[in-house]
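Remarks on the structure that follows.
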Amino acid sequence: MHRVTLLSLASFIAPLALAAQQPTAPTVTTAPHDSVRGAIRAVDVRARTVEVTTGVGLALRVVRLEVPASVPITDRKGGQGEPIQLAQLKPGDVIRVAFGGRQTGWVAYTIERVGRMEAGVP
Amino acid sequence: MTRAWIALVAMCSAAACRPPQPGEPLRGLSAAERARFDSGRAVFDSIFTPAVGLGPLFNASGCGECHENPVVGANGDEVERHAAVFHPEQAGAMCDELAAQGGPVFQDSVTPALHAALGIDHEPLPSIVTTVAARTTPDVLGFGLLDAVPDSEILKYADPDDRNGDGISGRPNRFFDGRLGRFGRKALVPTLREFNDGAFQVEVGITNPSVPAEGTVTGNPLPAGTDPAPDPELGEHALELTDAFVRLLAPPAPLKQSGEARRGSDVFARVGCTGCHVPALRTGDNPIRALRHKEVAAYTDLLLHDMGPELADICLGLATPSEFRTEPLMGLHLATQFLHDGRAKTPEQAIEMHGGEGTRSRDLFKALPAADRAALLAFLRTL
């Protein structure tokens, strides 16, 4: 069975281009905008945080986000982008979040609820 | 001269009409697609070392280490560990795939550097785990055709409330962003490309543009110095080639059916197996002609079905512990172990282990006259 050598493999390895959906660690004060779409795993209204499960294939990860009071949270239902409260978000809701990094962690800029993770046979 | 020419044309035609052998590409590829297939096979069959990114946690040193029997892209005898947390006694219980603790795949090997740093030889399971599952290596032959099946084709077989009263109530799984899932034993993953890209990181520890960060060790960051290769450890071009190889692998051609096997096909339908193992799905529009508007005899509906408590293991996404995606039966004649964890050593044992929505068909199978049972098994051996 033919196997390529490591040298020939190296020819396939193209340089970088980090995908935006996979942030690693918030090490800078202000990181560029990033976004994630995933299912809410937990909401802490008092601490104003949400945890979102996302990933690629079976490479799953959880993104923990702070949600300042000023962050607009909307519900796509009805197509109007109706404003909702953090407390209205529930585990299993599918949300799209624009966020960035601060020294304290990831911080949400906007949150849009786009649906729920359910079998949903039309 | 003319006779020789006719013979040459006949030979070429026969070669073109011969069904693809396991490991060969789909018929009808363009020269460029064929070239990508061949290049992709080289990446798929590569052996990675820690110096080029293997690990620090991994299940195999390359795709071909597991998908190897009898050809690259086929089955393997490796069994890996998946784990999750599920508390059915809690109202509205949701699955915890342990994504924050390194799950759901917990690797069984580590590089020497990680062993030296932590003294471990596999990724430890978190203490909160409620279930550990064993997962065998499936073949990926014909998966490009499954990827090309439109969601609407899958959803037309869904009957979550069993409105037709046949005791079979397939329902789709969904990824965390709401898209329909279809790959993996619990149908969590929506596309073949994502399944491949994720597998590089989860199975081989190879970061790439889709998954640029290494996994954690049960939720804890890797110790400094244990991952010397710069990320991403594999580039976009290599990812695309690997995807092309897997996508363009032909499904195993069914074997020639005897009269008994043909009769077994009817028995298979009569006892209700086709309620889940739908004989054929149809692909939709596709940029690759060899995948476009094709019938794929996959014997699956790509939906989740309750298989009963005896087979239950982990939850995943919307799939409860006892729900599994209908396993495609194409290529069954190449398999040496059966069911998601390999507990069945023959197709007959696998049928007899069906529970839940498969109970009725199982019982009908067990009650068949010996000749009908033999015919059904002969049919399965041709798939």
Side-chain angles (χ1 to χ4, degrees), chain A residues 1-26 34-43 51-64 76 90-97 112-122, chain B residues 39 41-43 45-49 51-52 62 64 68 72 82 92 94 96-100 103-105 155 158-160 171-178 183-184 188-189 194-202 209-213 215 221 231-238 241 304 317-318:
Chain A
M1 193 179 294
H2 175 71
R3 297 185 187 277
V4 294
T5 63
L6 297 178
L7 279 177
S8 60
L9 174 65
S11 67
F12 290 115
I13 300 175
L16 349 187
L18 286 173
Q21 300 129 312
Q22 294 281 330
T24 50
D34 206 336
S35 69
V36 65
R37 179 172 163 141
I40 291 181
R41 177 176 177 268
V43 182
E51 292 181 355
V52 182
T53 302
T54 184
V56 175
L58 291 181
L60 305 183
R61 67 197 174 92
V62 172
V63 180
R64 187 174 187 275
R76 184 189 282 183
K90 304 293 179 203
D93 284 350
V94 177
I95 59 172
R96 185 163 59 194
V97 188
E112 180 187 26
R113 181 165 66 188
V114 297
R116 268 196 71 74
M117 202 182 148
E118 52 195 8
V121 183
Chain B
S39 297
R41 174 164 27 204
V43 184
D45 211 16
S46 300
I47 294 293
F48 294 88
T49 65
V52 295
E68 60 174 350
V72 175
H82 295 197
M94 286 184 61
D96 179 356
E97 296 81 5
L98 297 166
V105 181
L155 290 173
D159 182 19
R171 68 181 191 128
N173 202 350
R174 299 260 172 200
F175 196 65
F176 302 98
D177 56 10
F183 291 105
L188 179 71
V189 182
E194 289 164 272
F195 198 84
N196 295 337
D197 291 1
F200 265 115
Q201 195 263 321
V202 166
S210 296
V211 192
D231 297 319
E233 294 153 344
L234 195 69
E236 181 64 26
H237 184 55
L241 292 176
L304 296 174
L318 295 174

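Naming convention: chains lettered A, B, ... in sequence-line order (proteins, then strands); numbering from 1 in each chain. Because only heavy atoms are used, hydrogens play no part in the values below, and waters and symmetry mates are left out as well, while side chains stay in.
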**Report entry** Heavy-atom contact with chain B under 4.5 Å, split by part of Ile40(A)
**Finding:** backbone
Query raised in the report: For Arg96(A), is it the side chain, the backbone, both or neither that has a heavy atom under 4.5 Å from a heavy atom of chain B?
Result: neither
Requested in this report: Can you tell which part of Asp96(B) gets under 4.5 Å to a heavy atom of chain A, answering side chain, backbone, both or neither?
Outcome: side chain
**Report entry** Heavy-atom contact with chain A under 4.5 Å, split by part of Phe183(B)
**Finding:** neither
If you measure from [atom1] on [X] to [atom2] on [Y], what distance do you get to the nearest 0.5 Å?
X	Y	atom1	atom2	result
Arg171(B)	Leu155(B)	CZ	CG	13.0 Å
Ser35(A)	Glu112(A)	OG	CD	11.5 Å
Thr53(A)	Arg41(A)	OG1	CZ	6.0 Å

Report task. Could you give me the CA-CA distance, side-chain angles and deciding distance for Asp177(B) and Thr54(A), then say whether side chain to side chain contact (heavy atoms under 4.5 Å, CB included) is met? Result -> CA-CA 7 Å; Asp177(B) 56 10; Thr54(A) 184; over 6 Å; no
Requested in this report: Mark yes or no for whether Arg64(A), through its side chain, and Val52(A), through its backbone, hold a donor-acceptor pair below 3.5 Å.
Outcome: no
Report summary line: Among Ala99(B), Ala100(B), Gly215(B), the residue with the most heavy-atom pairs under 4.5 Å to chain A is Ala99(B)
